[in-house]
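Data block below; observations after.
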Amino acid sequence: EYYTRGIEACVKEGHVFTVMSSYNALNGIPTTASPFLLTDILRKRWGFRGFVLSDCGALQDICSTHHFVPSYAEAWALAVNAEGTGLLLHHCRRAKGVLVASTASVYAPGPDLDHRFRETDPLGEARPPHAPTYSISKIAEAAVARSAARTYHLPVTIARLNAAYGPTGGLPAYHYDWIAAGRPVPLRTHRPLPYCPIHQHDINEQVGLLLQVASVPATIVNWCGDEVVTVREWCRHLGALAGVEPRFEVLPEDPWIRGSAMDTTRRRQLIGDCRVPWRQGMAQMAAARARPPADQRPGVGARARQALGA
């Protein structure tokens, strides 16, 4: 109500193209990481359509001075996912449509491991130790993308991706490599971990379709396979393909680790079903990634190719 008056005049009357966020915090949130200031007020209320830059050292201050996040990695993750997305969508503001790849990790963890997350479910900060910045930075990214859709009248689809895999990588692919090499698969809980894995072939086919349903306000949709599978289930299947009994190493229980099975109703209504069943897709993946074992045990590649032909 006081300090913003001058900046508001610059934006509305002076039509400035670049705004720099300040070093300080407002209500405990650094201005550089504040959706309220940089999105709600600056873009939505004042109609700013230009670039937002951070001051020198302001990103580090999110961690070192304000202690808003516990590490520099988290500070940079917020900047790259949120601020970077805003700059990119500004650059592409005249595009016919934009696809923003989000993640199933934006959903608030709950006690029911069998729950299939819907697009309308509450968001929340999951902080798995292997990627503590992932959830909050992707939530910030989506907020910026939704604001950009309205500000630039830019059709946007925000697709929350779940357990992508294929010959070049993904969690099931890494599990296959460990199983085929005789290494244990690390798990952080004894509980089932359900996912809806989606094969790269389906991802490639659906990119264009997701762009076609981009809209203002942004279309938000779960992007995943149509089948629910647990980590242990796909590891047993991968072990059978490799001719190796999978071993599991359960690490200390982590309360943040849970599956993320998703409801696919909205995606199927918008763009249709996936084409690759998970067993077939993982057999294709295993055949592509197979390597002869050290003891020349036969069958890693052959078993996978045989499963494809069955």
Side-chain angles (χ1 to χ4, degrees), residues 1-100 102 106 122-125 132-158 214-220:
E1 295 176 353
Y2 181 81
Y3 290 104
T4 60
R5 294 289 179 87
I7 302 172
E8 181 180 10
C10 290
V11 172
K12 289 185 174 181
E13 300 172 24
H15 306 291
V16 296
F17 194 70
T18 304
V19 169
M20 178 177 288
S21 58
S22 58
Y23 281 117
N24 63 292
L26 176 66
N27 298 326
I29 300 177
T31 60
T32 303
S34 172
F36 171 69
L37 290 175
L38 302 183
T39 300
D40 294 343
I41 291 182
L42 181 61
R43 296 193 182 277
K44 291 183 179 180
R45 188 180 302 177
W46 297 346
F48 179 69
R49 292 173 177 258
F51 288 92
V52 176
L53 303 176
S54 60
D55 206 341
C56 179
L59 292 178
Q60 293 93 322
D61 283 352
I62 296 176
C63 170
S64 61
T65 302
H66 299 295
H67 306 292
F68 183 64
V69 291
S71 68
Y72 290 117
E74 293 199 46
W76 285 107
L78 283 170
V80 170
N81 279 284
E83 186 176 352
T85 296
L87 294 173
L88 179 62
L89 294 189
H90 172 79
H91 178 75
C92 301
R93 62 192 180 278
R94 295 184 179 88
K96 295 180 179 179
V98 173
L99 173 61
V100 176
S102 185
V106 298
L123 307 182
E125 187 180 3
T133 67
Y134 194 46
S135 175
I136 186 62
S137 65
K138 298 302 280 187
I139 291 173
E141 175 193 53
V144 171
R146 294 173 70 170
S147 175
R150 291 179 180 271
T151 300
Y152 305 131
H153 202 71
L154 172 64
V156 169
T157 295
I158 300 172
S215 63
V216 180
T219 297
I220 298 176

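- Residue Arg150 holds its CZ atom at 12.5 Å from OG1 of Thr39, rounded to the nearest 0.5 Å.
- Using a 4.5 Å cut-off on side-chain heavy atoms (C-beta onward), Arg146 and Ile220 make contact.
- Under the 3.5 Å distance criterion, with hydrogens and angles disregarded, no donor-acceptor pair is assigned to the side chains of Thr31 and Ser21.
- Residues Leu89 and Val144 have side chains not in contact (no heavy-atom distance under 4.5 Å, counting atoms from C-beta outward).
- A distance of 8.0 Å separates OG of Ser135 from CG of Leu123, quoted to the nearest 0.5 Å.
- Taking CG from Leu87 and NE2 from His90, the interatomic distance works out to 8.5 Å, rounded to the nearest 0.5 Å.
- The distance from atom SG of Cys10 to atom CZ of Phe17, rounded to the nearest 0.5 Å, is 15.5 Å.
- When every heavy atom of Ala145 is checked against every heavy atom of Val100, the shortest pair comes out as CB-CG2, 4.0 Å.
- In terms of heavy atoms, Pro155 sits closest to Val216 at N-CG2, 3.7 Å.
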The test is salt bridge (Lys or Arg N to Asp or Glu O under 4.0 Å); show your working for Glu8 and Arg5 and say whether it passes. CA-CA 5 Å; Glu8 181 180 10; Arg5 294 289 179 87; 5.1 Å; no

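- Residue Arg43 comes nearest to Phe48 through the heavy atom pair NH1-O, 3.4 Å, listed as atom of the first residue, atom of the second, then distance.
- Summarising the geometry, atom CD1 belonging to Ile7 is positioned 9.5 Å from atom CD1 belonging to Ile41; distances are rounded to the nearest 0.5 Å.
- For Arg93, the CZ atom sits in a packed shell: over 12 heavy atoms of surrounding residues, nucleotides or ligands are nearer than 6.0 Å.
- In terms of heavy atoms, Arg45 sits closest to Lys12 at O-CE, 4.3 Å.
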